[in-house]
Amino acid sequence: MFNLDFICSFLASVIRVTTPLFFVSMATLVTRKAGLLNMATESMMLAAALTGVLVSGWTQSLLFGVLAGIVASAAVALIICYCAFKLKTDLYLTCIAVNTALSGGTTFAMYVFAHDKLYTLQVVHSKAFGNWNIPFIKDIPYLSTILSGHNILTYVSILGVVIMWFLIYKTRLGLRIRGVGENPRAAESSGVDPVKIYFISFLICSVYAAFGGMYMSMGYLSYFMRDMMSGRGFIGMSAMNVANAKPFLSMLTSLMFGFSQALANLMQLSNIPSEAVSMLPYISTVIILVVSSSIRMVLSLRKERAESKDYYDQPAD
Amino acid sequence: MSEDILSMEHITKVYENGFIANEDVSLSVRKGEIHALVGENGAGKTTLMNILFGFIPYQEGRILINGEEVHITGPLDAIEKGIGMVHQHFMQMPSLTVAENVVLGMEPVRGVIFDRQEAAKITQEISDKYDLKVNADDIVADLPIGLRQKVELLKALVRNCKLLILDEPTAVLTPQETEELFVQLKELKKNGFSIIFISHKLEEVMKLCDRVTVLRRGRSVGSGEIKDLTTAELSKMIVGRDVVTEIEKEKSEPKKDILSVEGLRCKNKDYVEVVKGIDLKVRAGEILGVAGVEGNGQVEVAEAITGMLIPSGGNIRINGKNIRGKTIKQIKDLGLSYISEDRLKYGCAPLMPIRENLMADRIDRKEYKKFGLFLDRKKIDDEVKQLIREYEIKCDDGEEEIRMLSGGNIQKVIVAREMSSGANLIVANQPTRGIDVGTTDLIRKTLIRKTREENVGVLLITSDLNEVLELSDRMIVMKDGQIVAHFNDVKKVSDEQLGEYMLGIRKMSPEEMEGLS
């Protein structure tokens, strides 16, 4: 069973399940750089995934579907921003409320438009993103299995990481986002309006989240299913946090989370109870978070201890 | 006067909680001068500058810039009107480069791309022009404090500010960096800039400034040409007592040592050494007063004794036991009570009832439990009632949230708890700051009664001269993290004498400080 073919197709499946995490980690990264902890990517993804399926099924145009998905996701972002930064509600609570609202809301909308409460399969015939074979690489044995023939959005997501890196570190907007994220008051006294930056970063975030959502419903699967993100918004956020909001490192940590997801998928074929197996990605999330924050804690503690070394090293009396 | 670049007239600022930060304060700054704004912490200097910079609104008075009345709506507006501020806590993004910090908000771009080279060039040009040497590509977090301050100056200069406000710029600098700053400020003055220099270090003011305005307790108490003033006159203006009140007390009869501190050294959270090896002891039945301008290490000493700050060296013993390695709770159990200067942050739990705040430190003791498991409600109620009565806490029944009380009453609750805990060492840090006369009197009398009747030792840290002179049996003065004076007989100390030690004009030799430890 464990031959090279098998390993290659397993690695390919890792990339497949990591794709939405690439998008989401970048989505949460841009808001984190602006100094905000954005917990609402889950609902942005859901909104985009459903809207994309419905509109592309209705217009029979992938382009319109994608645009509608982005608009839906951006609308969610705008609602959150308006509440949190104009009406001064608590950002966390707003995000959680929106998540809960859209978990039910998308199901309701699905029932209204597709007359089904579980999934849109066979009711809405939506367009989907196709696969792409990379020239040259597609002819190399093994490597082609791993890298080539993935969904177009997989390649878009990798490009998305590069774009995000460029945006954050090379553009004026990126500089302002980082400035506001680090010291909003200082940024304000230099003439940068933090609220404006918050809105912009949330809008950029919503575009990334939209692609992540649409990958799920129009690429990975070809239909919308109730609560189909199953926590990917949060896992992507964790990946970004473990990587301390570094774009390329976030990609690596996303792969780590994708690996455990793919492993879980694989183990469902074995005779381990599937409920136990499906916990794997989430448990590994907790473990990775605990380990990474422990390392950080130990390092800072060690620094503190070093400062009071003389004090502790005295003889006891 | 047309030569005034700025004049602030009759400014009054009352905060929402009724605290009067500025009352009828006037300040005028001429073109091309360095104007000192001096006064103790809490005198209202920072409030006045925050008003000028548009951070906070004010109730009365007016501001004129170049003779025209203006309304400053915010920091941006202030910058546009040519006012630049170097804050005490730098307004910077440490992870960005010097150039990025300087040009943020007015970044040069090529298309959408941030033009790093151009930003560096702008920064370097302005840095060369005013001889403020920095390297534009360095990360701000890696720079020493002195250079970070230059970055702040550059930020103001690049925005064409003509009036620069420096809020205690030397507080964070080494002597060498201070020297360098002074040279640069004089250079800027020659270039036609006006500078407001906020400080409470007299020697610096005398050396650098042309004119001075003194604030005390929110009022302007004087201003004038530096060359017409002596250091002694100025120091009297700064620390002088408004009204002298006298408290009657018997002579203390100190007994055994309760607190002994040996060679204590502490670093603050930025790893800067702020307590540089001090020795002191507090004996049963006496009050040891700690005077000094705020920010000279007094708070850190208090925090080290209470276990909130781990020292970098030295030893602290309470009732003969070393506190090293002990938790705050364990230290308190050695017989320590602490009245913190920040009553809402460390003194109480604002959202909890008075009753629970009064009981917070003792609720785990056996005597309050029934069958070792349940709380003895009746005993607790009785004790709460008694404390409320004894300390004259104005409340209904002790069930309301403590934050609903006035500042004075909150302090009474804290004092009631700390004084009834059975401890024989009380560390009181600014116990009467910002509270009414009646409560102040009650707290002071209680402190004296505790020492005289119950053999308690008190370490009293305060910036209120009246308080320290009237309450202390012995007194020390702290300056720059060291003890610079020790008085065995506080009655013989005059305001002027004390002011000179506090402001660093004089210092006692170790021989003069006999009986300190």
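As a basis for the values below, the full set of heavy atoms in this structure was taken, side chains included, without hydrogen atoms, waters or symmetry mates. Below, read A as the first sequence line, B as the second, and so on, with proteins coming before strands; counting in each chain starts at 1.
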Open item on the list: So for atom NZ, which belongs to B:K121, do other residues, nucleotides or ligands contribute more than 12 heavy atoms lying within a distance under 6.0 Å?
Closed with: no
TODO: Select, from B:P75, B:G314, B:G54, the one with the greatest count of heavy-atom pairs under 4.5 Å involving chain A.
DONE: B:G314
TODO: Mark yes when over 12 heavy atoms from residues, nucleotides or ligands other than B:Q117 sit less than 6.0 Å from its CD; otherwise mark no.
DONE: no
TODO: Please flag which part of B:I79 lies under 4.5 Å from any non-hydrogen atom of chain A: side chain, backbone, both or neither.
DONE: side chain
Open item on the list: Below 4.5 Å, heavy-atom pairs only: which of B:E80, B:M106, B:Q92 has the largest tally toward chain A?
Closed with: B:Q92
Task: Partner residues of A:Y311 under the ring-ring contact (aromatic ring centres under 6.0 Å, His included) criterion, sequence neighbours left out - done: none
TODO: Decide if atom CZ of A:F64 counts as having more than 12 heavy atoms of other residues, nucleotides or ligands within a radius under 6.0 Å.
DONE: no
- [ ] Considering only heavy atoms, give the residues of residues 70-100 of chain A separated from chain B by less than 4.5 Å, sorted numerically, with 'none' for an empty result.
- [x] none
TODO: With chain B as the partner chain, list the residues of residues 169-187 of chain A whose heavy atoms fall under 4.5 Å from it, by residue number, and write 'none' if nothing qualifies.
DONE: A:Y169, A:K170, A:T171, A:R172, A:L175, A:R176, A:R178, A:G179, A:E182, A:N183, A:R185, A:A186, A:A187
Open item on the list: Quick check for you: among B:R265, B:R110, B:R159, which has the greatest number of heavy-atom pairs under 4.5 Å with chain A?
Closed with: B:R159
- [ ] Would you give the length of the straight line joining atom CE of B:M85 to atom OG of A:S189, rounded to the nearest 0.5 angstrom?
- [x] 10.0 Å
Open item on the list: Counting only non-hydrogen atoms closer than 4.5 Å, does B:L104 touch chain A with its backbone (N, CA, C, O), its side chain (CB onward), both, or neither?
Closed with: both
TODO: Residue by residue, scan residues 190-203 of chain A and write down, ordered by number, those that have a heavy-atom distance under 4.5 Å to chain B; if none do, write 'none'.
DONE: A:S190, A:G191, A:V192
Open item on the list: Shorter than 4.5 Å, heavy atoms on both sides: which option in B:G111, B:S95, B:C266 has the most such pairs with chain A?
Closed with: B:S95
TODO: Side chain from CB out, backbone as N, CA, C, O: work out which of these in B:F90 comes under 4.5 Å of a heavy atom of chain A, or both, or neither.
DONE: backbone
Task: chain A contact via B:P108 - which portion, at a heavy-atom distance below 4.5 Å - done: neither
